[in-house]
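Numbered from 1 within each chain, the chains take letters A, B, ... in sequence-line order. From a predicted model like this one, the values you see are computed outputs, not experimental measurements. The analysis underlying the following values was restricted to heavy atoms, covering all of them including side chains, and did not include hydrogens, waters or symmetry mates.
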Amino acid sequence: MSILSKSRICPETGLFFDDQAEKLIKWNAVTGVVFLLVGGLFGVLMALTRWTEVHILPADWFYLLLTAHGLDALIVWIIFFEMAVLYLASSTLLKVRLAAPKWAWLGYWLMLIGAVITNVMVLEGDSSVMFTSYPPMKAHPLFYLGIIVFAVGALIGTFCFFGTLVLAKEQKTYEGSLPLVTFGALTAAIIAVFTIASGAIILVPTLLWSLGYIAHIDPLMYKTIWWAMGHSSQQINVSAHVSVWYLIAAIVFGAKPLSEKVSRMAFLFYIFFLQLASAHHLLVEPGLSSEWKIFNTSYAMYLAVLGSMIHGLTVPGSIEAAQRKKGFNKGLFEWLRRAPWGNPVFSGMFMSLVMFGFLGGITGVIMGTEQINIIMHNTLYVPGHFHATVVAGTTLTFMAVSYFLVPVLFRRELWLPGLAKWQTYIYAIGVAGISVFMMAAGTLGVSRRHWDNNFADATLGFDYPAAAHMFLALNGISGLMAGLGGASFCIIMVGTILWGKKKSDVPASAPAPAPEPAVHQAGSAGTIAVPGTFVLALIFLGTFILYYYVNWKYLAEVWHLS
Amino acid sequence: MTSQDNNTPDGEHEHIPFFQRMMDNPFLLLFIGVVMPTVFYILWGVMEIATIPIATY
Ligand code: HEM
Ligand SMILES: [Cu+2]
């Protein structure tokens, strides 16, 4: 086979770009951003609808856009961007051409066609089944077909990633073990294979059911297997955004992980255990035993959580180590104070790390506890929690790395750099708001996926406490702010690509060295004390323990046990 | 024959510990990453659901 592969070395960063891989990274990332814009807009409309006094959409549009929002934001945006991350972590970081680029393009087009088909079906109005599409709610057959086509495309892309690893090994473009960022991407790819397989197992029969070939889909069976996909796909996100945290730490600070071995072990915990936590979506289902629930969500999930806590410790730890080596040694926190807070690549990543841990991580463990789950199941607490993981965690991280990648890939300077400085903060505050306020409303019992806050239509009247409506209003205001931040991001990205000042291809001086060896090789920072990170970790643990017990107390009150 | 020091060449090949070999083999990791949830989550869960007795009216 003789595919002549062209490649270039980026004059500024020293990164290697195979021609085809570079094009694929660009197209996947940009397509993702378009869907983020659409999905985010729908999110704002829903937040305004759930604001009792504003209540902007009629009921049918609320459920329609809720379906579209879940699909476009959670699935289409993130998975397109993840394809870009996989190609970057394989081809670019291992300095090898992409294996089977034609297949990767086929994957891209299938994903795009599938996403468009499903969107059209939802927007036509007869598939408002929400992205979980639980039977007996039935969507148009093309709704399921679109998702299946999208998933096949993503699977092809994932195999191109594996192929590229094999190619790099054959051509010996790296020594010893895979670099950590690539290992993290491998974790994401492994989880993706299981995710997509589970999706096929359940969505193909559901498609046949919607076509009339199968009479009955058992709802519990559906939920169980669907969540093997639905939950695992979130774990692709976690693995991918944690890898990007390591990448950003390496790019911005030249930081190396404190201990490669420990970080790798943490990814290994993900591979072994993270997917089992899918059971936390079924904690209140009768019909599944407590043994199954508790094994999968407690014993196994805690090991996966341990993995996340290790990453949450070693990423800031590696930054602290790198900063201290540069002489920022005063007190506990000079390294953090003197970090480049005006650089959106760093500020976005660091805020994402903090919010993912404090808002998303802690609440996730709480909801994953079988006994406590019952007090928040199907309340707004759930979307509150996952906007902290998947928006503050994954989306904000991907935004942050885009500020690095898009100028490098398109050879343009950032458009509106002044706005870019602020964008991550506006978005982060907005997202922190929607997470916290949805959780607050959920704690007061407000349902998720429910248009009618006042129960005007209900035969038996019911009122939420007044405070709940206040939290819903604050959620609406935060939603506007997140919308503003999200729109600014899309404008900056599109503007950079179209109107950003072209960078000359000839470097002014010698090319800057690649962020070597931090991203290209395995290896640790060596022993260095990181007391600041240690204090942060203690604060985290303290918060965790406190909030955990608050929830048991709360459970005792709900059940009137004394 | 077990070599006591991992860094000394063991015959012709360098002795690489099992754990390291596992970590360096993407396809073995893929296998484990798919089998674990398939067994503990899907198969176990589906078996429990399948053994729920059908309701009689
Ligand atoms: C401007 C930013 C956003 C706002 C204001 C927003 C707001 C909302 C609101 C109000 C809901 C409905 C809650 C309910 O009534 O059940 C929701 C649901 C949801 N959001 Fe967002 N969101 C935003 C961004 C995102 C992003 C970026 C993602 C994914 C990466 C995401 C994923 C989801 C998912 C999966 C649901 C659940 C849909 C369902 O229950 O079927 N959101 N969002
Ligand atoms: Cu989950």
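- Atoms CG and CG, on B/Asn25 and A/Leu165 in that order, are 11.0 Å from each other to the nearest 0.5 Å.
- For B/Thr51, no part lies near chain A; criterion is any non-hydrogen pair under 4.5 Å.
- For the pair B/Phe19/A/Lys261, no side-chain contact is recorded, criterion being any heavy-atom separation below 4.5 Å from C-beta on.
- To the nearest 0.5 Å, atom CD1 of residue A/Ile225 and atom CD1 of residue B/Ile42 are 6.0 Å apart.
- By the 4.5 Å heavy-atom criterion applied to side chains, A/Leu186 and B/Leu30 are not counted as neighbours.
- Rounding to the nearest 0.5 Å places CZ of B/Phe31 at 12.5 Å from CD1 of A/Ile190.
- With hydrogens and angles disregarded, no donor-acceptor distance shorter than 3.5 Å links the side chain of A/Trp292 to the backbone of B/Trp44.
- Residues B/Ile49 and A/Thr224 form a side-chain contact, since some pair of their non-hydrogen atoms from C-beta on lies under 4.5 Å apart.
- Surrounding CG of A/Leu208 are more than 12 heavy atoms belonging to other residues, nucleotides or ligands, all under 6.0 Å away.
- The minimum heavy-atom distance between B/Tyr41 and A/Lys223, with the atom names listed, is OH-O, 4.5 Å.
- Contact of A/Glu285 with chain B is not made at all, since no heavy-atom distance falls under 4.5 Å.
- For A/Tyr270, no part lies near chain B; criterion is any non-hydrogen pair under 4.5 Å.
- Heavy atoms closer than 4.5 Å to chain B are found nowhere in A/Phe267, neither backbone nor side chain.
- When side chains are defined from C-beta on, A/Leu268 counts as touching B/Leu29, because their heavy atoms get closer than 4.5 Å.
- Looking at A/Leu282, the atoms closer than 4.5 Å to chain B (heavy atoms on both sides) all sit in the side chain, from C-beta outward.
- Residue B/Phe40 holds its CZ atom at 7.5 Å from CG of A/Leu276, rounded to the nearest 0.5 Å.
- In this view, A/Ser232 and A/Ile191, A/Phe194, A/Thr195, A/Gln275, A/Ser278 satisfy the side chain to side chain contact (heavy atoms under 4.5 Å, CB included) rule, not counting sequence neighbours.
- Here the NZ atom belonging to A/Lys169 is positioned 6.0 Å from the CG atom belonging to B/Asp24, to the nearest 0.5 angstrom.
- Atoms CD1 and CE, on A/Ile271 and B/Met23 in that order, are 7.5 Å from each other to the nearest 0.5 Å.
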| message | side chain to side chain donor-acceptor pair (under 3.5 Å), that's the test. Do B/Gln20 and A/Ser177 meet it? Break it down for me. | response | CA-CA 9 Å; B/Gln20 167 100 45; A/Ser177 304; 3.2 Å; yes
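- By the side chain to side chain donor-acceptor pair (under 3.5 Å) test, A/Thr158 is found to be paired with no residue, residues two or more places apart in sequence or in another chain being considered.
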